[in-house]
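As the structure lists them, so they are numbered: ligands from 1, and atoms in each ligand from 1. Not measured: the values here are computed from a predicted model.
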Amino acid sequence: MSIFEQRESNLRAYSRVYPTVFDKAINARQIDENGREFIDFFAGAGVLNFGHNNEKMTKAVIEYIQSNGVTHSLDMSTTAKRSFMETFLEVVLKPRGMPHVMQFVGPTGTNAVEAAMKLARRVTGRQNIIAFNHAFHGMTLGSLAATANEYFRGASGVPLSHVSHYPFGCEQLCQGCELGCGMDSLDALRAQLEDGSSGLEKPAAFMLEVIQAEGGVNIADKHWLKEVEKLAKDVGALFIVDEIQVGMGRTGSFFSFDDYDINPDVICMAKGLGGLGTPLAMNLVKPELDQHLSPGEHTGTFRGQSISFVAGTEALKYFQDDVLMKEVARKTELMNGMLAELGTIDGVQIRGKGMIMGIDVGDGAIAKKIVAGCFEGGVLLGACGTGGRVIKLIPPLTIDDADLTEGMNTIINVTLEALGVL
Ligand code: PLP
């Protein structure tokens with residue numbers, strides 16, 4: 001028995017899906033200790049947008065450490081944090097006319113979500129947060145209350161309260177719509193919230209992912225999303241967008257909502273923010289809302305992590321011009337073109353925006369077979385959505401064409417076989 005089987009907690013999950021021991025990784029390839037190479041269509045669930053061991057980032061980090069740069073300093077001001085913040089301001093906030101401040105939180109996505117929920121409750125003096133069916137916002141108690149999946153919720157051990165879930169408004173008929181699709185329920189919710197005698201408390205916030213990644217690659221309908229924002233404003237609630245998995249260029253522009261004409265009060269970021277795969281999380285908060293917080297009220301030992309700031313600054317430089325985003329657009333077309341035939345099969349639906357795509361095969365057992373078959377065929381990917389019925393394709397944005405095509409061919413062939421079409 002390996003040390004993992006002997007002594008790693010039963011909680012271990014991905015090591016069961018990918019039964020090998022990885023040793024090295026470069027761009028879109030992970031290599032196991034026997035030298036077998038795998039093409040990575042999982043990319044740390046949205047962490048490794050810029051590939052494994054991105055050369056620009058490893059160089060910057062090595063130089064920083066060798067020059068005795070500060071690696072840990074709680075949330076003190078450092079040169080590494082200054083470079084990151086200045087670059088973020090120039091590359092992301094200023095071009096969009098966004099006045100938001102950067103709130104550094106503990107380094108995981110769930111911590112950003114916790115801080116966002118706390119802020120909404122503080123600002124409004126209300127308790128309830130409105131989240132959506134199929135949402136995934138994290139695993140700590142506050143964020144878990146907003147996460148919809150019953151398996152994860154079941155582990156909480158205490159009631160998950162002060163969050164209600166409503167149907168998500170998808171841009172195309174998808175699994176979310178089986179629950180009754182967004183617009184009708186949003187209209188009904190508005191009517192209730194506007195009726196002083198409905199008995200429904202006004203919420204502190206509406207919180208959502210523009211693309212529900214873990215929830216099954218469900219993409220928000222533009223009109224629905226704007227109406228959610230409007231309802232939030234009309235009832236004095238905050239509008240929180242969780243960009244943790246689909247931000248940082250994943251959809252072909254920095255934010256997944258860049259083409260949605262919305263103006264969130266709080267934007268939660270993590271995962272790819274640290275560039276290299278080391279953790280970093282941050283909320284972008286409108287300054288008038290930030291005034292409601294007092295120093296250190298939401299603290300944490302690892303609020304801002306220098307190695308992540310150094311690598312994250314390099315990641316932000318990819319957005320100083322449109323070279324990478326043009327590449328993402330081109331690769332998106334390539335992926336869509338290759339997946340088109342699969343989408344014509346009865347019971348299969350392809351959904352996606354930019355380089356996050358889902359193959360909804362409608363059945364968790366088939367999806368599980370596909371994930372295992374892909375592993376056998378040398379491709380790493382994961383399943384998501386209700387019962388794990390959606391194959392999620394989320395390769396590094398920097399994947400080269402040879403790996404992208406080889407990986408896609410494997411995924412398509414394994415899927416056809418699992419569906420009994422080959
Ligand atoms: N929010 C979204 C949209 C996510 O996809 C995730 C993780 O997958 C989280 C929050 C939680 O992030 P973390 O696992 O870093 O706590």
### Task
Can you sort out the partners of F309 under ring-ring contact (aromatic ring centres under 6.0 Å, His included), two or more places apart, ordered by chain and number?
F84, F104

### Query
Does any pair with a residue in residues 297-308 pass salt bridge (charged side-chain N to carboxylate O under 4.0 Å, His left out), and if so which ones, sequence neighbours excluded?
D75-R303, R122-E297

### Query
Is any side-chain N of the basic residue among R330 and E327 closer than 4.0 Å to the acidic one's carboxylate O?
yes

### Query
Quick one: is the NZ or CZ of K56 closer than 6.0 Å to the six-membered ring centre of Y318, and within 45° of its axis?
yes

Expected rows: ligand 1 N/O, protein N/O, dist below 3.5 Å:
from: ligand 1; atom 1: 1 (N); to: F136; atom 2: O; distance (Å): 3.4
from: ligand 1; atom 1: 1 (N); to: D242; atom 2: OD1; distance (Å): 3.3
from: ligand 1; atom 1: 1 (N); to: D242; atom 2: OD2; distance (Å): 2.7
from: ligand 1; atom 1: 5 (O); to: Q245; atom 2: NE2; distance (Å): 2.8
from: ligand 1; atom 1: 8 (O); to: K271; atom 2: NZ; distance (Å): 3.0
from: ligand 1; atom 1: 15 (O); to: G109; atom 2: N; distance (Å): 2.8
from: ligand 1; atom 1: 16 (O); to: G109; atom 2: N; distance (Å): 3.3
from: ligand 1; atom 1: 16 (O); to: T110; atom 2: N; distance (Å): 2.8

### Task
Over 60° means perpendicular and under 30° means parallel, so classify the ring planes of Y18 and F22, tilted if in between.
perpendicular

Check residues 362-378 and write down every donor-acceptor pair under 3.5 Å in which the side-chain atom is one partner and the other belongs to a residue at least two apart or another chain.
from: D363; atom 1: OD1; to: A365; atom 2: N; distance (Å): 2.7
from: D363; atom 1: OD1; to: I366; atom 2: N; distance (Å): 3.3

